[in-house]
Amino acid sequence: ATRGFLIRELQTARAVEAASAIGASLLEAENSEYAAQALVAFGGDAAAESVRTALAKAEGKIRVTLEQAAGTLRDVKAVPLLKPLATSEDRDVRLGALAALGNIGDVGSVDMLLKGVSSTSSYEGQVCLDAVIKLALSCEAAKATAEAVKDPATAEKIYTTLWGLPEEQRAARCAGLQGLARVQGD
């Protein structure tokens, strides 16, 4: 409890220099979420590296917390860790990884996310839809940075696929149509 309190105080104080020390708490059940929140608030390479290192060792609920942190940090270097987790038998781990891949904007995850949109589970389909739309939006508007690449062709592929889904998937079809209108213009 005391360590968790200290982590929250360091986060509030924006004590970025404490990032590596906070990273040591990422694998502690009682402090993992506090540590992840602090590192996400700090941002930067040191925070992303701490999350990535812990993600490689984490299990269960902690793994899901760290997947979310990696996605929020848009840590491209976490993609090789996240892709195998996106096919996990553990639903929470799988959905956490899929959401993170969409948030990061990993173009190599498009097909996996589009497949998930048609999942038999409506919740899993919605998580994948949200992730693939975030990915498409990042392809549409991305500045040429290490985080994402402007890739309107991939955005158009995503939107075309969403628009072509069965009529029962109205939300996905609407998102596809809106996206196509943006990327194709008149």
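All values below were derived from every heavy atom in this structure, side-chain atoms included, with hydrogens, water molecules and symmetry-related copies excluded. The model shown is predicted, which means the values in this text are computed figures rather than measured ones.
Grouping the Ile, Leu, Val, Met, Phe, Trp and Tyr side chains by contacts below 4.5 angstrom, directly or via other members, places Leu6 apart from Leu39. Hydrophobic cluster membership is shared by Leu137 and Leu177, with clusters built from Ile, Leu, Val, Met, Phe, Trp and Tyr side chains linked at under 4.5 angstrom.
The nearest pair of heavy atoms linking Ala70 to Val51 is N-CG1, 3.9 Å. Of all heavy-atom pairs spanning Glu124 and Ser119, the tightest one is CB-OG, 3.7 Å. Across all their heavy atoms, Ala19 and Ser50 have their closest contact at O-OG, 4.2 Å. Taking every heavy atom of both residues into account, Arg63 and Ala58 meet most closely at NH2-O, 2.7 Å. In terms of heavy atoms, Ala86 sits closest to Met112 at CB-SD, 3.3 Å. In plain terms, the two heavy atoms of Glu28 and Arg3 that are nearest each other are OE2-NH1, 2.5 Å.
Looking only at distances, a side-chain donor or acceptor of Asp106 sits under 3.5 Å from a matching main-chain atom of Ser109. Between the side chain of Gln169 and the backbone N or O of Val117, at least one donor-acceptor pair lies under 3.5 Å. Remark: the backbone N or O of Ala100 is not paired with any side-chain donor or acceptor of Arg74 at under 3.5 angstrom. The main-chain N or O of Ala29 is never found under 3.5 Å from a side-chain atom of Ser32 such that the two would form a donor-acceptor pair.
Taking the charged nitrogens against the carboxylate oxygens, Lys157 and Asp111 do have a contact shorter than 4.0 Å, which makes a salt bridge. Look at Glu89 and Arg94 and you find no salt bridge, because none of the NZ, NE, NH1 or NH2 atoms lies under 4.0 Å from a carboxylate O. By the 4.0 Å N-to-carboxylate-O rule, Glu140 lies close enough to Arg182 to be salt-bridged with it.
Residue-environment remark: CG (Asp45) stays at or below the threshold of 12 foreign heavy atoms within 6.0 Å. Open room surrounds CD on Glu59; 12 or fewer heavy atoms of other groups in view lie less than 6.0 Å from it. In the displayed structure, Gln68 atom CD is contacted under 6.0 Å by at most 12 heavy atoms of other residues, nucleotides or ligands.
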Kindly indicate, with the supporting measurements, whether the criterion side chain to side chain contact (heavy atoms under 4.5 Å, CB included) is fulfilled by Leu135 and Leu101.
CA-CA 8 Å; Leu135 196 157; Leu101 290 166; over 6 Å; no
Might you work through the side chain to side chain contact (heavy atoms under 4.5 Å, CB included) test for Ile104 and Val76, ending with a clear yes or no?
CA-CA 6 Å; Ile104 291 168; Val76 175; 4.1 Å; yes
What verdict does the salt bridge (Lys or Arg N to Asp or Glu O under 4.0 Å) test give for Glu33 and Lys61, after you've listed the backbone C-alpha separation in whole Å, the side-chain angles of each residue and the deciding distance to 0.1 Å?
CA-CA 10 Å; Glu33 288 189 34; Lys61 184 180 177 205; 3.1 Å; yes
With side chain to side chain contact (heavy atoms under 4.5 Å, CB included) as the test, would you mind laying out the steps for Ser25 and Ile7 before giving the verdict?
CA-CA 9 Å; Ser25 296; Ile7 292 169; 3.7 Å; yes
Working for side chain to side chain contact (heavy atoms under 4.5 Å, CB included), residues Phe42 and Glu17:
CA-CA 9 Å; Phe42 296 159; Glu17 61 277 1; over 6 Å; no
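With Val110 as the fixed residue, the side chain to side chain contact (heavy atoms under 4.5 Å, CB included) test singles out one of Thr161, Thr154, Asp151: Thr154.
Rounding to the nearest 0.5 Å places CG of Leu113 at 10.0 Å from CG of Leu129. To the nearest 0.5 Å, atoms CG (Leu98) and NZ (Lys83) are separated by 11.5 Å. Considering OG1 of Thr65 and CG of Asp92, their distance stands at 10.5 Å, rounded to 0.5 Å. Of the inter-residue distances, the one linking Asn31 atom CG with Arg8 atom CZ reads 8.5 Å to the nearest 0.5 angstrom. Summarising the geometry, atom CD1 belonging to Ile22 is positioned 5.0 Å from atom CG belonging to Leu10; distances are rounded to the nearest 0.5 Å. Atom CG of Leu114 and atom CG of Leu165 lie 8.0 Å apart (nearest 0.5 Å).
Side-chain contact annotation: Gln11 with Gln37, donor-acceptor N/O pair under 3.5 Å absent.
Residues Arg91 and Ser121 meet the side-chain proximity criterion, which asks for heavy atoms closer than 4.5 Å.
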